[in-house]
Amino acid sequence: MSDQPTIEQQGARAPQAVEEEQQSPQDARQPQPAAAPQDPRPPQQPEAAPDAPREPTAVRDGAAADVPPGPPAAEKDRRVLRAFLRWTAAVVVFAAVGAGTAYGITRMERTEVPGLATQPDGRWEYPELTKPPLPAGSPGPLAPDNASGAHYADLRALVLPAPAGATQDTALRGKDGWLATKDFLAEYADEEERQEFSDRLLDDGLRHIAARGWTTPDGTRTRIYLLRFGTAAVVDGIMADDMVPYGTPAYRLRGTEYSDYDDGFPQASEVKGVQRTTYAESEPYGDEMVRHAYLAAGDTLALVVQSHKGGTVAEVPFRQTVVLQSQLLG
């Protein structure tokens, strides 16, 4: 119970006590000491020790249970800081993983990226190409100090090798890797033209011929011939006057009737220092279709022929073969 007197008790006080509480006018004029201000806040209960368990608060008469006091402000700040650091670390990790993935994709080949793989375009799988070594102190065929444009490397090593899965044509290996002129001239259809061309080759000083041939599983036959002469000037004259006068082939190849200039050959694939003229047989093809190209690089004239009986010669492997052979000669 409270120590304050009730209303009934205050009314029951004696008159003498009331009179004693009244002050005289003199005493009223004297200043009285100010009363201490009262704290409007209710008295606080002593806090329980940190280790003391909190007694559960029951629900009385349908009233809500007392809500336990929340953690101190300092502890809340620490929790917020820890949560912020965790989210920051997660963002940094995801950013690092994303950047690493993007870098990995940029470093991968297109065919290695799922969903972005390039469909096969018909190119053949050639072995890694390496030019044969030059004799010590010898310049390359296109070097400024090589006025004759001579290929000092072994010509037989400059013939393009066969792609994977192809069957070698042993008839073109010749003797010790050198092919007889008559076997090369067998590529031409007309007998009189073969004799005329043979005489011209003899007059121009043909030294030797290196060749290679193969057949791929799709039935396409490839033949490559490299003819070496004394100088680049001789090859330029043969190329301009005998092989491709007026943009048409001077000598008809075996298995063809008419051949047109292949103007769709990509210009960006040209090899510096190598002249290139390509042809495709016109329709109707007859028993087989033929594509062929002449290349002039220094002292060497090259003929690349591809044919396919009962079908057509695909553009992609033909152009691939011509470009790779040009790179070996250049």
Search all heavy atoms of A297 against all heavy atoms of L329 and return the closest pair with its distance.
CB-CB, 3.8 Å
Quiz question: by atom type and distance under 3.5 Å, do the side chains of Y126 and Q320 form a donor-acceptor pair?
no
Looking at OH of Y188 and CD of E193, how far apart are the two atoms once the value is rounded to the nearest 0.5 Å?
10.0 Å
Carefully, step by step, assess K272 and L142 under the rule side chain to side chain contact (heavy atoms under 4.5 Å, CB included).
CA-CA 9 Å; K272 183 179 180 179; L142 306 180; 5.8 Å; no
Could you grab the distance from atom OG1 of T256 to atom CE of M289, nearest 0.5 Å is fine?
11.0 Å
Are I238 and L179 connected, step by step, through hydrophobic side chains (Ile, Leu, Val, Met, Phe, Trp, Tyr) whose heavy atoms are closer than 4.5 Å?
yes
Between L185 and L226, is there a shared hydrophobic cluster once you connect ILVMFWY residues whose side-chain heavy atoms come closer than 4.5 Å?
no
Starting at OG1 of T220, measure out to CH2 of W214 and round the result to the nearest 0.5 Å.
11.5 Å
If Ile, Leu, Val, Met, Phe, Trp and Tyr residues are connected whenever their side-chain heavy atoms lie under 4.5 Å apart, and connections chain through other members, are L155 and V271 in the same group?
yes
With clusters defined by side-chain heavy atoms of hydrophobic residues (ILVMFWY) lying less than 4.5 Å apart, directly or transitively, does V234 cluster with I209?
yes
Measure from NZ or CZ of R319 to the centre of the six-membered ring of F265, then state whether that distance is under 6.0 Å and the direction lies within 45° of the axis.
yes
Would you say Q327 and V323 make side-chain contact, with heavy atoms under 4.5 Å?
yes
Any donor and acceptor pair, going by atom type alone, linking the side chain of K175 with main-chain N or O of A180 inside 3.5 Å?
no
Please report the shortest heavy-atom distance between F229 and D204, naming the atom on each side.
CD2-O, 3.6 Å
Is D203 atom CG crowded by more than 12 heavy atoms from other residues, nucleotides or ligands, each under 6.0 Å away?
yes
Side chain D287, main chain K309, donor-acceptor under 3.5 Å
no
Straight-line distance of F184 CZ to Y225 OH, nearest 0.5 Å:
7.5 Å
Measure the shortest side-chain to side-chain distance between R156 and W178 over non-hydrogen atoms and say whether it is less than 4.5 angstrom.
yes
Are the charged groups of D169 and R221 less than 4.0 angstrom apart, N to O?
yes
Heavy-atom closest contact (P161 atom, P127 atom, distance):
CG-CG, 3.7 Å
Could you measure the distance from the CG atom of D262 to the NE2 atom of H292? Nearest 0.5 Å is fine.
10.5 Å
Side-chain heavy-atom pair V290, V305 within 4.5 angstrom cut-off
yes
So do the side chains of Y251 and E196 get within less than 4.5 Å of each other, counting heavy atoms only?
yes
Does D218 offer a backbone N or O that forms a donor-acceptor pair with the side chain of H308 under 3.5 Å?
yes
Locate the shortest heavy-atom distance separating P163 from T216; write the atom from each residue and the value.
CG-CG2, 4.2 Å
Run through L303, L295, V159 and flag the one making a side chain to side chain contact (heavy atoms under 4.5 Å, CB included) with I224.
V159
Pairwise distance CG(D190) to CZ(F197) - rounded to 0.5 angstrom:
13.5 Å
Min side-chain heavy-atom separation Q275-V235 under 4.5 Å
no
Of all the heavy-atom pairs spanning S307 and R223, show the shortest one and how long it is.
OG-NH1, 2.8 Å
Mind listing the closest non-hydrogen atom pair of A162 and Q168 along with its distance?
CB-NE2, 3.4 Å
Measuring only between side-chain heavy atoms, which start at C-beta, is V313 closer than 4.5 Å to E281?
no
Verdict with reasoning, T321 to Q325, per side chain to side chain contact (heavy atoms under 4.5 Å, CB included)
CA-CA 6 Å; T321 301; Q325 183 59 72; 5.6 Å; no
Any ion pair linking D299 and R228 (charged N to carboxylate O, less than 4.0 Å)?
yes
Can L253 be reached from L201 by stepping across I, L, V, M, F, W or Y side chains whose heavy atoms are under 4.5 Å apart?
yes
Of V304, L324, T222, V322, which meets side chain to side chain contact (heavy atoms under 4.5 Å, CB included) against L160?
L324
